[in-house]
Participant: 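My structure is below; once you've seen it, I'll send some questions.
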Amino acid sequence: SAASGMTLVEAQVAHILLSMEASIGAHRAALSDGAISESRFDDKVKHLKRNALAHLSRILPKPEAQAMVDSAAQVA
């Protein structure tokens, strides 16, 4: 929105990346609690990254979308 200084595309990108990070965090908590295995966690993270990339690629050039997913996922 204009009040936050973000364009619609910037807000969409932020939403997609934040959703991915939140989902990764939830799975990390499940891993820490022993509710899922490390391989299940890794599979889930790969799936979440693929989904985020697919959504971002609808609104950004794919190389830019890939860089954003990679950059966000390094922290996750």
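Along the sequence shown, residues are numbered consecutively beginning with 1. What's counted below: heavy atoms across the whole structure, side chains too, no hydrogens, waters or symmetry copies.
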Participant: Report yes or no: do Met20 and Ile59 belong to one cluster of Ile/Leu/Val/Met/Phe/Trp/Tyr joined by side chain heavy-atom distances under 4.5 Å?
Facilitator: yes
Participant: So Ile36 and His27, side-chain contact (heavy atoms from CB on, under 4.5 Å) or not? Walk me through it.
Facilitator: CA-CA 8 Å; Ile36 61 171; His27 285 87; 4.3 Å; yes
Participant: From Arg40 CZ over to Leu31 CG, what is the distance, rounded to the nearest 0.5 angstrom?
Facilitator: 12.0 Å
Participant: Working to the nearest 0.5 Å, report the span between CG of Leu60 and CD of Glu10.
Facilitator: 10.0 Å
Participant: For the CD1 atom of Ile16 and the CD atom of Glu21, what is their distance to the nearest 0.5 Å?
Facilitator: 13.0 Å
Participant: Return the NE2 to NE2 distance between His55 and His15, rounded to the nearest 0.5 Å.
Facilitator: 8.5 Å
Participant: Would you say the side-chain atoms of Ser71 pair up with the backbone N or O of Ala67, donor to acceptor, closer than 3.5 Å?
Facilitator: no
Participant: Grouping I, L, V, M, F, W and Y whenever their side-chain heavy atoms are under 4.5 Å apart, do Val9 and Leu18 come out in a common cluster?
Facilitator: no
Participant: Could you state the interatomic distance from CG (Leu48) to CG (Asp43), rounded to the nearest 0.5 Å?
Facilitator: 11.0 Å
Participant: Is the closest side-chain heavy-atom distance between Lys62 and Leu53 below 4.5 Å?
Facilitator: yes
Participant: Roughly how far apart are Asp42 CG and Lys44 NZ, rounded to 0.5 Å?
Facilitator: 13.0 Å
Participant: With distance as the sole criterion, is a donor-acceptor pair present between the side chains of His47 and Asn51 under 3.5 Å?
Facilitator: yes
